[in-house]
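For reference, the structure is listed below as structure tokens.
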Amino acid sequence: MASRTATPLVHPGVNELVFTTVMAALSDPVRLGIVAVLADHPGTPCGTFELPVGKSAGSRHFRVLREAGLLRQWDDGTRRRNALRREECDRRFPGILDLAIAEGRRQGTVRVADHADPDYVRVDTAPQRDASDPDATP
């Protein structure tokens, strides 16, 4: 059986974002809910979302959002973490994520599990260098 990390995750460049693809990705209430949760909790692993669909459908929703360019995914040990590509989306389609987040919150179909990993808000998995510590490694 192949590892889920055997195939690299594809994220389109900002100039490759297509308006109709982005709008199609945002046309589903579950995906709107995922976007709303990620606005408040960047770095949330896929497995900590409480989705109103099964695991395979949930995986598809995350893939659609990633391939549309709305979120960035990365592997962190056994978890696949997610964050909105807010800066890139706002550069290409100003305000589109603000509208999607507001609608996702209004619908309220998705939330993060109460038992979620308390470390889920960590966006960057690389340790940060403290500039005030001369002995810190880069």
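Positions are given from 1 along the sequence.
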Joint cluster assignment, Val53 & Leu70, ILVMFWY side-chain distance < 4.5 Å: yes

Test salt bridge (Lys or Arg N to Asp or Glu O under 4.0 Å) applied to Glu87 - qualifying residues, sequence neighbours left out: Arg91

Heavy-atom pair with the smallest gap, counting every atom of Ala68 and Leu17: O-CD2, 3.2 Å

Test side chain to side chain contact (heavy atoms under 4.5 Å, CB included) applied to Phe62 and Val30, step by step: CA-CA 10 Å; Phe62 282 102; Val30 173; over 6 Å; no

Between CZ on residue Arg79 and CD on residue Gln73, distance to nearest 0.5 Å: 14.5 Å

Validation row: Cys89, Val22 side chains within 4.5 angstrom (heavy atoms): no

Sequence neighbours excluded, every pair satisfying salt bridge (charged side-chain N to carboxylate O under 4.0 Å, His left out) that has a member inside residues 98-110: Asp40-Arg105, Arg86-Asp98, Glu103-Arg106

Smallest separation among heavy atoms of Asp90 and Gly95, with atom names: OD1-N, 3.7 Å

Pairwise side-chain contact, Phe93 with Leu99, heavy-atom cut-off 4.5 Å (strictly under): no

Minimum-distance pair of heavy atoms, taken over all atoms of Met23 and Ile96: SD-CD1, 3.5 Å

Side-chain heavy-atom pair Glu50, Val110 within 4.5 angstrom cut-off: no

Expected output: side-chain Thr48 to main-chain Val112 donor-acceptor under 3.5 Å: no

Within-4.5 Å side-chain heavy-atom neighbours: Leu26 and Arg31: no

Check: Thr44 main-chain N/O paired with Asn82 side-chain donor or acceptor under 3.5 Å: yes

Side chain proximity check, Arg72 to Arg81, heavy atoms < 4.5 angstrom: no

Close side-chain approach of Ile101 to Leu84, heavy-atom, < 4.5 Å: yes

Heavy-atom neighbours of Arg111 CZ exceed 12 at 6.0 Å: yes

Minimum side-chain heavy-atom gap Arg66-Leu9 below 4.5 Å: yes

Connected via hydrophobic side-chain network under 4.5 Å: Val14 and Val35: yes

Heavy-atom donor-acceptor pair, His11 side chain to Glu67 backbone, under 3.5 Å: no

Within-4.5 Å side-chain heavy-atom neighbours: His61 and Ile34: yes

Interatomic spacing from SG in Cys46 to CZ in Arg63 - rounded to 0.5 Å: 12.5 Å

